[in-house]
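All remarks here apply to the structure that follows.
Ligands are counted one by one from 1 in listed order, and the atoms in each one are counted from 1 as well. Note that this is a predicted model, so its numbers are computed, not measured.
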Amino acid sequence: MENIDWNNLSFGYIKTDYNIRCYYKNGLWGDLEVSDSEYFNMHIAATAIHYGQESFEGLKAFRGKDGKIRIFRMDENAQRMQDSAEGTLMVQFPKEKFMEAVVKVIKLNEKFVPPYESKASLYIRPVLFGSGAEVGVKPAKEYMFILFVTPVGPYFKGGFQTTPFLIMREFDRSAPLGMGKYKVGGNYAASLIAGKKAHDMGYSNIFYLDAKEKKYIDECGAANFFGIKNNTYITPKSASILPSITNKSLMVLAKEMGMKVEQRLVPVEELETFEEAGACGTAAVISPIQRIDDYDEKKSYVFSKDGKPGPISKKLYDKLCGIQYGDEPDNHGWVTVI
Ligand code: PLP
Ligand code: COI
């Protein structure tokens, strides 16, 4: 704890003091239990490890100039975890209990919420999974919810800086009628090879096209995509991408800044026309895109010639972070102050 270098945190795991667990047995969720261990026991036939019956969430808490801690839109994450449970036939974790657990785990680990000046945050990771034993492919009868936190810095190296992305048609992250809209581990397992390939080639991540036709933009790595042109915020409408809470928030903020907002199919060739482009998500916040190289078509779409983030991306970033850290008023009830 004494050794944490708040100003140079990466997006990685650091041990904190406590985590929370909750068990579903005999048709009922138990009480929230606090643990100081980083481990738990699991049945060798748990459905989570055999058949991927699991989902996770990611949200953040921020320390303001006033020293207060603010949690961003945790009700949305609670709801999305319920949607993921529905999509994987898991028992839903009650929303109120989810939010109670988030507040509790932050209070227990208060000293790990990075100071305001560091511009770092506390990443909160809830996980829900089938813990009951089955050998046939069917949903478990028992479930476990766990919740841990870890202080994090930027997801992509350098923070608010542009980085390059790569289109490669040989990989899909999710199927058109599949699980892409849920936050389930399998989607991330499916993205590992592509992500490694992109990293090895010097890119931030892979840029996925729709799996059926490879004509439209889906999302980029573990983040949604947006493009900016003619004072318009444009973001893909797709049934195979994760409905990003950050993107949903940016659409509101863009509108309030007097921009038009379009959520629609975005053909890959349209990349040519964007003045700015970015990846957005809880971990990514806004990660402005320097350029997107199309590996198969041997083409390059450049959004930033000087490598600097565009003015609208910067404005959106400042506004979003302003609300999260409490520098700007929270006019939408997005923030829970502890
Ligand atoms: N898309 C994927 C695949 C993700 O993993 C994430 C991260 O949660 C996002 C988009 C961004 O979603 P959110 O803004 O809710 O964090
Ligand atoms: C997030 O943005 O919260 C993510 O889940 C991204 C990644 C760490 C999976």
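Counting the atoms of ligand 2 from 1 in the order shown, those under 4.0 Å from a heavy atom of F11 are 8 (C). Residue contact check: A223 has heavy atoms under 4.0 Å from atoms 1 (N), 2 (C), 9 (C), 10 (C) of ligand 1. Within the listing of ligand 2, atoms 6 (C), 7 (C) sit less than 4.0 angstrom from a heavy atom of A222. Under a 4.0 Å criterion applied to the non-hydrogen atoms of N224, ligand 1 contributes the atoms 1 (N), 10 (C). When each atom of ligand 1 is checked for a heavy atom of T246 under 4.0 Å away, the hits are 13 (P), 14 (O). Annotation for ligand 2: atoms under 4.0 Å from non-hydrogen atoms of Y188 are 9 (C). Close approach of ligand 1 to R173 is summarised as follows: ligand atoms under 4.0 Å from at least one heavy atom of the residue are 3 (C).
The single protein non-hydrogen atom nearest to atom 5 (O) of ligand 1 is Y188 OH, 2.4 Å, given as residue, atom name and distance. In this structure, atom 10 (C) of ligand 1 lies nearest to the protein heavy atom E219 OE1, 3.4 Å. Taking atom 7 (C) of ligand 1 as the reference point, the nearest protein heavy-atom neighbour is K183 NZ, 3.3 Å. Among protein heavy atoms, atom 16 (O) of ligand 1 sits closest to T282 OG1, 2.6 Å. The single protein non-hydrogen atom nearest to atom 1 (C) of ligand 2 is Y123 OH, 3.5 Å, given as residue, atom name and distance. Counting protein heavy atoms only, atom 6 (C) of ligand 1 is closest to A222 O, 3.2 Å. In terms of protein heavy-atom proximity, atom 2 (O) of ligand 2 is closest to A283 N, 2.8 Å.
Classification of the F145-F93 ring pair by plane angle, with boundaries at 30° and 60°, yields parallel.
Annotation: side chain of Y216 is not in contact with side chain of L209 (no heavy-atom distance under 4.5 Å).
In summary, the aromatic rings of F40 and F129 are positioned with their centroids under 6.0 Å apart. No close placement of the F274 and Y301 rings is indicated, their centers lying 6.0 Å or farther apart. Taking the six-membered ring wherever Trp is involved, the centroid distance between the rings of F225 and F207 falls below 6.0 Å.
Not one N or O on the side chain of T47 forms a donor-acceptor pair closer than 3.5 Å with the backbone of Y51. A donor-acceptor contact shorter than 3.5 Å is absent between the side chain of N224 and the backbone of N247.
Proximity of E57 to ligand 1 is not established, as no heavy-atom distance is less than 4.0 Å.
At least one test fails for K319 against the ring of Y317: distance under 6.0 Å to the centre or angle within 45° of the axis.
Within 6.0 Å of CG in D306 there are more than 12 heavy atoms belonging to other residues, nucleotides or ligands.
Inclusion of I245 in the set of residues having an N or O under 3.5 Å from an N or O of ligand 1 is warranted. At least one N/O-N/O distance between K183 and ligand 2 falls below 3.5 Å. Backbone and side-chain nitrogen or oxygen atoms of N247 are examined, and none is located within less than 3.5 angstrom of a nitrogen or oxygen of ligand 1. Backbone and side-chain nitrogen or oxygen atoms of G281 are examined, and none is located within less than 3.5 angstrom of a nitrogen or oxygen of ligand 2.
What you find for V184 and T88 is that their closest heavy atoms are CG1-CG2, 3.6 Å.
At a cut-off of 3.5 Å, with distance as the only test, a side-chain donor of Y143 or Q53 sits close to an acceptor on the other residue.
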